[in-house]
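Values below: every heavy atom of this structure, side chains too, minus hydrogens, waters and symmetry copies.
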Amino acid sequence: MKHFTVPRFATAACAGCALLLTACSQQPARPTPSAPAQTHHHVHHLSSAAETAPTPLPSRTGIPVCDAYLSTYIACHRAANIFAPDQLQSRYETMRDSLLRDSQDPDIRPQLANRCESLQQSLHEALHGKSCDAPLPMPSSGSH
């Protein structure tokens, strides 16, 4: 029967690894830098949202170009065929809420007329001369 001997170098290396592992295990675990900040920020955001009730939105922005844009949004987007018909209402509501909320922010309100003019211009270009009052296209039937 043969006996295997471990070379001295291997024994020393194993002992060194054991010392390193022991030293590392005695150090307090350091959290990753991003985890506590994200958790803290998220919790803070939730607590501040719970403390303040959302301000009800007005029915109009009070900015003529924005109110005009919103009043023609659905008809003009439908005529320009920008969004799928089943997405149009939710897209309108998102835009409406955004403009109404921004109209209440004193830091954003001064730039809101320019934003609405830009939106109106983009929509006008997407219409390619079509009227927003154009009748809806009739669905084509494939049974000819």
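By the 30° and 60° cut-offs, the orientation of the rings of His77 relative to Tyr69 is perpendicular.
Closest heavy-atom contact between Ile74 and Leu88: O-CD2, 3.7 Å. Residues Ser131 and Ala79 approach most closely at O-CB, 3.5 Å, considering heavy atoms. Looking at every heavy atom in both residues, Arg96 comes nearest to Pro58 through NH2-O, 4.0 Å. When all heavy atoms are compared, the tightest approach of Gly62 to Asp67 is N-OD2, 3.1 Å. In plain terms, the two heavy atoms of Leu127 and Cys76 that are nearest each other are CD2-O, 3.5 Å.
Here the side chain of Arg109 pairs a donor or acceptor atom with the backbone of Thr61 at under 3.5 angstrom. With hydrogens and angles ignored, the 3.5 Å screen pairs a side-chain donor or acceptor of Thr94 with a backbone N or O of Ser90. Between the side chain of Ser118 and the backbone N or O of Asn114, no donor-acceptor pair lies under 3.5 Å.
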Working note: Leu99 + Cys116, criterion side chain to side chain contact (heavy atoms under 4.5 Å, CB included); need CA distance, chi angles, decisive distance, verdict. CA-CA 9 Å; Leu99 292 176; Cys116 291; 3.9 Å; yes
Any chance you could lay out the side chain to side chain contact (heavy atoms under 4.5 Å, CB included) test for Ile82 and Leu123, step after step, and finish with the verdict? CA-CA 9 Å; Ile82 294 175; Leu123 183 55; 3.6 Å; yes
When you look at Leu119 and Met95, which way does the side chain to side chain contact (heavy atoms under 4.5 Å, CB included) test go after all the steps? CA-CA 11 Å; Leu119 289 167; Met95 178 60 74; 4.1 Å; yes
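Atom CZ of residue Phe83 and atom CD of residue Gln89 lie 12.5 Å apart, to the nearest 0.5 angstrom. Atom SG of Cys66 and atom CG of Leu100 lie 9.5 Å apart (nearest 0.5 Å). With rounding to the nearest 0.5 angstrom, the CD atom of Glu117 is 14.0 Å from the NE2 atom of His124. The CZ atom of Arg115 sits 10.0 Å away from atom CD1 of Ile63, with the distance rounded to the nearest 0.5 Å.
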